[in-house]
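Positions are given from 1, in the same order as the sequence printed here.
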Amino acid sequence: MSSDEHLTGTLEQSPNGLVLRTEGGGTWELDSTRAARKLIGSRVEIIGQRSGFNGLVCDQIWPAGQPRPRGVKLRLEFLLTAALVAYGLYATIGAAISTLR
């Protein structure tokens, strides 16, 4: 079971990808998005799930000292449900219009 972590440190590029170097001397290998690359060299805060010994799967990453950004997670099941409802409405309206002609 992975545990949630809230870490602060400097984001750096390594040969294997992004790493976070914390003030205490720890190094975390990050599994993050491409958007995090614009923060390389900056002091950042990260929230994510621990993966293995020193791995971290990032949920959010932002510049340290700034308020935590509100996470917008588009859940696939809600998107599929909305698409199904929209298609149902389209089909119903289309059927109603074709019977009126």
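- In this structure, Leu20 and Gly9 approach most closely via the heavy-atom pair CD1-C, 3.5 Å.
- Note that OG of Ser14 and CG of Leu30 are 9.0 Å apart. Values are rounded to the nearest 0.5 Å.
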Check residues 80-97 and write down every donor-acceptor pair under 3.5 Å in which the side-chain atom is one partner and the other belongs to a residue at least two apart or another chain.
residue : atom : partner : partner atom : Å
Thr81   : OG1  : Glu77   : O            : 2.8
Thr92   : OG1  : Gly88   : O            : 2.8

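- Contact annotation: the side chain of Thr8 approaches that of Arg43 to within less than 4.5 Å [non-hydrogen atoms, C-beta and beyond].
- Its side chain within the 4.5 Å cluster rule, Ile47 clusters with Trp62 among the Ile, Leu, Val, Met, Phe, Trp and Tyr residues.
- Arg37 is listed as a side-chain neighbour of Gln13, based on a closest heavy-atom distance under 4.5 Å.
- With sequence neighbours excluded, the residues satisfying side-chain hydrogen bond (donor to acceptor under 3.5 Å, both in side chains) with Thr27 are Arg21.
- Residues forming a side-chain hydrogen bond (donor to acceptor under 3.5 Å, both in side chains) with Glu5 (at least two apart in sequence, or on another chain): Ser3.
- At least one donor-acceptor pair under 3.5 Å links the side chain of Thr22 to the backbone N or O of Gly26.
- Through direct or indirect side-chain contacts shorter than 4.5 Å among Ile, Leu, Val, Met, Phe, Trp and Tyr, Val57 is connected to no other residue.
- Side-chain contact check for Glu29 and Asn16: no donor-acceptor pair (N or O, by modelled atom type) lies under 3.5 Å.
- Applying the ring-ring contact (aromatic ring centres under 6.0 Å, His included) test to every pair with at least one member in residues 13-43, sequence neighbours left out, gives no pairs at all.
- Leu56 and Val19 are assigned to two separate hydrophobic clusters, defined by single-linkage of ILVMFWY side chains at heavy-atom distances under 4.5 Å.
- With Val44 as reference, Leu11 is the one residue of Leu11, Leu7, Thr10 to meet the side chain to side chain contact (heavy atoms under 4.5 Å, CB included) rule.
- Counting only distance, with no hydrogens or angles, the side chain of Glu45 and the backbone of Ile61 share no donor-acceptor pair below 3.5 Å.
- Checking side-chain atoms of Arg50 against main-chain N and O of Phe53 turns up a donor-acceptor pair under 3.5 Å.
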